[in-house]
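Here the structure comes first, spelled out in structure tokens, and everything after it is commentary.
Convention: sequence-line order gives letters A, B, ...; per-chain numbering from 1.
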Protein chains: 2
Amino acid sequence: MKRHNQANEEIRGLVDQKHPTIQDVARHANVSTATVSRALSQPGQVSKAARERVTRAVSETGYIVNQAARSLRARTTRTILVALPDISNPFFSTILDSIERTIADRGYATLITNRGRGSKPHERLAGHLRSNRADGIILMDGLADLADVLRLYGPGDTAPVVIACEAIENVNLPTVKTDNQGASAIAVDHLAKLGHRRIGHVTSPAGNVLGRERGRGFRDGLIAHGIEFDPILETEGDFKAESGARAAQYFLGLDHPPSAIFCDNDIMALGLISELRSKGYSVPDDFSVVGFDDIEVAARLSPPLTTMRQARPRIGFLAANALIDIL
Amino acid sequence: MKRHNQANEEIRGLVDQKHPTIQDVARHANVSTATVSRALSQPGQVSKAARERVTRAVSETGYIVNQAARSLRARTTRTILVALPDISNPFFSTILDSIERTIADRGYATLITNRGRGSKPHERLAGHLRSNRADGIILMDGLADLADVLRLYGPGDTAPVVIACEAIENVNLPTVKTDNQGASAIAVDHLAKLGHRRIGHVTSPAGNVLGRERGRGFRDGLIAHGIEFDPILETEGDFKAESGARAAQYFLGLDHPPSAIFCDNDIMALGLISELRSKGYSVPDDFSVVGFDDIEVAARLSPPLTTMRQARPRIGFLAANALIDIL
DNA sequence: CTGTTAGCGCCTTCAA
DNA sequence: TTGAAGGCGCTAACAG
């Protein structure tokens, strides 16, 4: 009868998710739960004999630590939240890829959240931290009002937050990003050296800090070649292909269209080029176009899109490591 | 002195993250913690008066429930794990986008994990469930050996898992995916109707179940037009652009190259087309190409890539809802 | 090096 | 409708 029950329990253990706890392991190994706990997290502090018995007991029982209990007790979740403006954008998803890899390699889990169109994204982010769901945030979304929350969270810009590919004004948190201003100036330099004097610009959405940096670089590039900045050659985009197509229509409608166009990202450049071609123009013969990001498909276009590379895998790697080092 | 301490504590509450607990709320509202708990999760069971006082106390204290404590007690995490083979692939990241939105709308959090090159991915997934990190999994990665774990997890294919855009043989879990076989047949039909009789195929990696379905559809399409299947016109890809380029070289090296090519995904089609063009061939004049997925850039190419659409937002939406309904 | 003990914050019986 | 009390599984003092 006893045996029968025991067998049943083993089956139930597998089938009904009666997960073994640290107590079961302790019993199997003939040690206290404290020793099991230590054997698992600070093996150095446990005798070799005990360590081995615990290891065996763990595999015998199939024990896996209950993260909820550990988080509650240790006030740490080993989880990092990645806040993105748009996961489906290949620029971000490539960075996310390397962030996730780095986070996983260091034994953390990755929680993600897309920008909600809904209310108070900054509260949602802070909520993840405060509700003990995540230990830190990698922020790829530049929400202006987040600054307040972050500052509130810790004195002296101390929140466990690393900013990647973004910039938030008035906040002095660790940041990993491309030199947008410099790269944009180089893009313009490239076009000017091809002989272009009327250079158009499809900008980032208004208010985007990166966009301001790229705008400054764009003007730097013009100045370096003695070209006067003409606001009529600048039109606002939103980082999506459709806005690139609209920009093409805008430029074609001008009395004096530009002969070259710098787009603040590749996706808009794609939309712009496809619209120009559908109107019968050739790129690069009629218009030279330069994008930004170097998303994967850029090199696979015919001919390939000229673009400013952002070292995305490296950005992700650095940001993730920086955050975990802080924690 | 008392006041002083109190003030200090309030400041510390903001600065040092001494998060208010349910006890603090209870004290503010002059009720027991049980009442607070009920007021928050089953408002119906609490008198209106108490409910209002609790609500006020919550906003006074800035209380946020501690998820770790709740998970420990309630054995539920309100978190879903999404397992992807490759986040940076725009096909998956677009689905992920809609999954995340749906999950968030239903009050859950989204944990992600990329396929590790490392050991035992199936154990890692099961571990997330068993370690009380996630309540369920949306699986977009068809790992053969996962079948065992899943079956182990619950009798009768009962694991809290929904499969999206994949198929695992011998497992009968809820699955959301495109009719790959039918869609592939349609692609071939399209090419045959253009007059092509030698149709090439860049396949999925060997062992991929979706790939087998698409392969069947490819042959169905040939049969429907009385074309005999010729294995020499089939070459294996791995869903990446580079393998599409290799396929182009392979086809060009044949004695009788195909005049049309069906690619198992758009990215490979991109690589193939760019390689063909770089060798001086025109698409679509010299070769007709059809892709699969309809990733965003497909429509922005010049001319646009013909492709079989997968309704990705809908797939994500359905999969996420199906899983949460199960939970 | 190891065990005992005391909670972490929450939810949920059980009684009133 | 409400409160008191116990315990989810774990870790971190504190002793020994």
Side-chain angles (χ1 to χ4, degrees), chain A residues 13 16-55 57-58 61-79 127-133 135, chain B residues 13 16-55 57-58 61-79 127-133 135:
Chain A
D16 286 351
Q17 316 334 314
K18 283 250 155 90
H19 298 311
T21 73
I22 202 171
Q23 308 232 28
D24 300 318
V25 178
R27 210 175 306 124
H28 270 246
N30 260 313
V31 294
S32 70
T33 60
T35 300
V36 176
S37 176
R38 281 188 288 250
L40 295 175
S41 43
Q42 299 135 8
Q45 292 186 27
V46 172
S47 72
K48 199 174 167 214
R51 214 184 311 145
E52 281 166 359
R53 284 156 69 208
V54 168
T55 309
V58 165
T61 54
Y63 171 74
I64 292 185
V65 53
N66 183 322
Q67 285 294 342
R70 173 180 282 187
S71 296
L72 175 59
R73 178 64 236 232
R75 337 186 82 58
T76 190
T77 59
R78 306 223 102 204
T79 298
H128 276 276
L129 252 33
R130 306 210 344 174
S131 68
N132 204 1
R133 254 193 205 287
D135 298 337
Chain B
D16 288 350
Q17 308 343 306
K18 284 250 156 89
H19 299 313
T21 73
I22 203 172
Q23 309 232 29
D24 300 319
V25 178
R27 210 174 307 125
H28 272 248
N30 259 313
V31 294
S32 71
T33 59
T35 300
V36 176
S37 176
R38 283 188 287 250
L40 295 176
S41 44
Q42 300 133 8
Q45 291 186 28
V46 171
S47 71
K48 198 173 168 213
R51 214 184 312 146
E52 281 167 358
R53 284 154 71 207
V54 169
T55 309
V58 165
T61 55
Y63 170 73
I64 293 186
V65 53
N66 182 324
Q67 285 295 341
R70 171 179 283 188
S71 297
L72 174 58
R73 179 63 233 238
R75 342 186 78 55
T76 191
T77 58
R78 304 225 103 203
T79 298
H128 276 276
L129 251 34
R130 305 210 343 172
S131 69
N132 204 358
R133 254 192 203 288
D135 298 337

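If you check dT2(C), dA12(D), dG9(D) against the side chain of Ala50(A), the one that comes closest is dT2(C). Taking the side chain of Val46(B) as heavy atoms from C-beta on, and the options dG9(C), dT2(D), dC10(D), the nearest nucleotide is dT2(D). The nucleotide whose nearest atom lies closest to any side-chain atom of Val31(B) is, among dG3(D), dA12(D), dG9(C), dG3(D). Nearest to the side chain of Ser47(B), among dT12(C), dC10(C), dT1(D), sits dT1(D).
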Exercise for the section: Would you check, one step at a time, whether the test side chain to side chain contact (heavy atoms under 4.5 Å, CB included) holds for Leu40(A) with Val58(A)? Expected result: CA-CA 10 Å; Leu40(A) 295 175; Val58(A) 165; 4.3 Å; yes
Practice task
Kindly determine whether Arg53(A) and Asn30(A) satisfy side chain to side chain contact (heavy atoms under 4.5 Å, CB included), including the steps that lead there.
Solution key: CA-CA 8 Å; Arg53(A) 284 156 69 208; Asn30(A) 260 313; 3.3 Å; yes
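At a cut-off of 3.5 angstrom, counting only N and O atoms as typed in the model, there is no donor on one side facing an acceptor on the other between the side-chain of Arg73(A) and the base of dG9(C). Contact of Arg75(A) with dG9(C) (side chain to base): no donor-acceptor pair of N or O atoms is detected under 3.5 Å.
With rounding to whole Å, Gln45(A) atom CD is found 11 Å from dT2(C) atom P. Taking atom CZ of Arg133(A) as the reference point, atom C1' of dG9(C) lies 15 Å away to the nearest angstrom. Atom pair Ile22(B):CD1 and dT12(C):P shows a separation of 11 Å (rounding to whole Å applied). Put simply, CD on Gln67(A) is 19 Å from P on dC8(D), counting in whole angstrom units. If you measure from atom CG of Leu72(B) to atom P of dG7(C), you get 17 Å, rounded to the nearest angstrom. Remark: P of dC1(C) and CD of Glu52(A) are 14 Å apart, rounded to the nearest angstrom. The nearest whole Å value for the distance from the CZ atom in Arg78(B) to the C1' atom in dC10(C) is 15 Å. In this structure, the CG atom of Asn30(A) is 9 Å from the P atom of dG3(C), given to the nearest Å.
Counting heavy atoms from C-beta on, the side chains of Val54(B) and Val46(B) never come closer than 4.5 Å.
A side-chain donor-acceptor contact under 3.5 Å links Thr55(A) to the backbone of Arg51(A). Between the side chain of Asp135(B) and the backbone N or O of Thr77(B) there is at least one donor-acceptor pair closer than 3.5 Å. Remark: side-chain polar atoms of Thr76(B) are not paired, donor with acceptor, to backbone N or O of Ser71(B) under 3.5 angstrom.
Using a 4.0 Å heavy-atom cutoff across all strands shown, Ala34(A) reaches at least one base atom of the nucleic acid. Residue contacts for Ala68(A): at a heavy-atom cut-off of 4.0 Å it reaches no nucleic acid atom on any strand shown.
In this model, the phosphate group of dG3(C) is approached by a side-chain N or O of Thr35(A) to a distance below 4.0 Å at OP1 or OP2. Side-chain N/O atoms of Thr33(A) include none lying less than 4.0 angstrom from OP1 or OP2 on dG3(C). Side-chain N/O atoms of Ser37(A) include none lying less than 4.0 angstrom from OP1 or OP2 on dA12(D). For dT2(D), the OP1/OP2 oxygens have no side-chain nitrogen or oxygen of Arg38(B) closer than 4.0 Å. Side-chain nitrogen and oxygen atoms of Ser32(A) include at least one within less than 4.0 Å of the OP1 or OP2 phosphate oxygen of dG3(C).
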